*Asks:* 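The structure's right below; bear with me while I get my questions together.
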2 protein chains.
Amino acid sequence: MKHLYDFLTDKLKKQNIRLSSRRLKVLEYLCQNSNHPTVDQIYVSIQQKVPNLSRTTIYNTLHILIKAGLVRVIAIEDHETRYEIVTKDHGHFKCEKCGTIFDFKLDLATLVTEELINFQITDKNVYFKGICPNCLATAEDHP
Amino acid sequence: MKHLYDFLTDKLKKQNIRLSSRRLKVLEYLCQNSNHPTVDQIYVSIQQKVPNLSRTTIYNTLHILIKAGLVRVIAIEDHETRYEIVTKDHGHFKCEKCGTIFDFKLDLATLVTEELINFQITDKNVYFKGICPNCLATAEDHP
DNA sequence: GTTCCTGCAAAAGCTTTGCAGAAGA
DNA sequence: TCTTCTGCAAAGCTTTTGCAGGAAC
């Protein structure tokens, strides 16, 4: 985790983005928690250590990190914006029972179609929904 | 278009969902406009013919149609919920310049991964973003 | 007569905006 | 010092909720 965090702060420095304490906290949270958090989850966690933290700061920071190419939005569900550190190709699976979002490997380069040959594609997202193994097992126990 | 509309109203009848005038208008709009509309676009269009229409009714109707399996949500962008009639496998491409959403053919059945072998997958979404050919051409004219 | 729709108004969430004071370079 | 961040309060949007009147069956 240490490596990723350092790599990211370097990236910010190169873009002349100030490494303020709040921004580093947000970055740290995202590096340590691969749970695709909402703004509120980030806020609640950091707010425990930084008493008079504002949600506005979380929003600001996320927007800056997105613009800098370090963070991406997961819009798997309407009205539930989530965020994650930009990493290599993967898809997202959301369990509709427990709400957990799982990553799964996926080679997005193979996802091509002749129809889009004249389009400039900058971003690819794959979202699946269903029931995860844990919830499936629970459903069997209590049918 | 006539065939799709009839097929859908039949589906509602079979589920004992009343075919009220507002619901039929929403269904008609979605069948005739494959532009992946927002709630507001649907509202504004129908409201021209039905003066004291309420946004609440559009929301209610869409929720009913989603539950009945006739309509699906497109959550390609956070805070911009869009809707479409459920049709065969396809992906969505959103142009970040003009905002248009394009459909493209895609065989979702081939989108599988060993990692999810124990998951029950009920829904697959593929969202691309970038610039559409029209906007690319315009950018060349005015660089 | 009973059930279900519809529209209105209000409330609830989430996100953005404007600004003054604080912190960082 | 000068620039940029931060937190607060308020505003803006979208969506949901509660309810009374009305339409459909």
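Chain letters run A, B, ... following the sequence lines, proteins first and then strands; every chain starts at 1. Quick note: numbers below take in every heavy atom, side chains included, and nothing from hydrogens, waters or symmetry partners. What you are looking at is a predicted structure, and each value in this text was computed from that prediction instead of being measured.
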*Asks:* Can you tell me if B:Asn60 and B:Arg23 form a side-chain donor-acceptor pair at under 3.5 Å?
*Replies:* no
*Asks:* In whole angstrom, give the distance that lies between atom CG of A:Asn16 and atom C1' of D:dT3.
*Replies:* 13 Å
*Asks:* Counting only heavy atoms not in B:Lys25, do more than 12 fall under 6.0 Å of its NZ?
*Replies:* no
*Asks:* Look only at the side chain of B:Gln120 and the backbone of A:Leu136, and say whether a donor-acceptor pair between them is shorter than 3.5 Å.
*Replies:* no
*Asks:* Test salt bridge (Lys or Arg N to Asp or Glu O under 4.0 Å) on B:Arg72 and B:Asp123 and set out the steps.
*Replies:* CA-CA 10 Å; B:Arg72 63 185 288 149; B:Asp123 190 34; 3.2 Å; yes
*Asks:* Figure out the CZ/P separation between B:Arg18 and D:dG22, and round it to whole Å.
*Replies:* 17 Å
*Asks:* Are A:Arg82 and A:Glu80 close enough, and set up right, to give a salt bridge (Lys or Arg N to Asp or Glu O under 4.0 Å), and what steps lead you there?
*Replies:* CA-CA 6 Å; A:Arg82 294 174 170 276; A:Glu80 189 191 70; 3.2 Å; yes
*Asks:* Quiz question: by atom type and distance under 3.5 Å, do the side chains of B:Asp103 and B:His36 form a donor-acceptor pair?
*Replies:* yes
*Asks:* Testing the basics here: between A:Cys132 and A:Phe93, what is the closest heavy-atom pair and its distance to 0.1 Å?
*Replies:* N-CE2, 4.1 Å
*Asks:* Run A:Glu96 and A:Lys94 through salt bridge (Lys or Arg N to Asp or Glu O under 4.0 Å) and show every step you take.
*Replies:* CA-CA 6 Å; A:Glu96 297 187 298; A:Lys94 174 167 181 178; over 6 Å; no
*Asks:* For A:Ser21, report the nucleic acid contact type (base, sugar-phosphate, nothing); a contact means any heavy atom under 4.0 Å.
*Replies:* nothing
*Asks:* Does the side chain of B:Leu106 come within less than 4.5 Å of B:His90's, by heavy atoms?
*Replies:* no
*Asks:* How far apart are the closest heavy atoms of B:Pro37 and B:Leu30, and which atoms are they?
*Replies:* CG-CD2, 3.7 Å
*Asks:* How many whole angstroms separate atom CG of B:Leu12 from atom C1' of D:dC25?
*Replies:* 17 Å
*Asks:* Tell me if a side-chain donor or acceptor on B:Thr122 pairs with a main-chain N or O of A:Lys129 at a distance below 3.5 Å.
*Replies:* yes
*Asks:* Rounding to an integer number of Å, can you tell me how far B:Ile17 CD1 sits from D:dC25 C1'?
*Replies:* 16 Å
*Asks:* Could you state the CD1-P distance from B:Ile42 to D:dT15, rounded to the nearest angstrom?
*Replies:* 11 Å
*Asks:* Specify the residue among B:Leu19 and B:His79 whose closest nucleotide of DNA chain D lies further upstream toward the 5′ end.
*Replies:* B:His79
*Asks:* At the 4.0 Å heavy-atom cut-off to chain A, mark where contacts on DNA chain C begin and end, going 5' to 3'.
*Replies:* C:dC14 to C:dA25
*Asks:* With each end axis built from five pairs of C1' atoms, what bend angle do you get for the helix from C:dG1-D:dC25 to C:dA25-D:dT1? Round to 10°.
*Replies:* 30°
*Asks:* Would you jot down, in residue-number order, the residues of residues 43-65 of chain B having a non-hydrogen atom under 4.0 Å from DNA chain D?
*Replies:* B:Thr56, B:Tyr59, B:His63
*Asks:* Phosphate oxygens OP1/OP2 of D:dA23: is one of them under 4.0 Å from a side-chain N or O of B:Arg22?
*Replies:* no
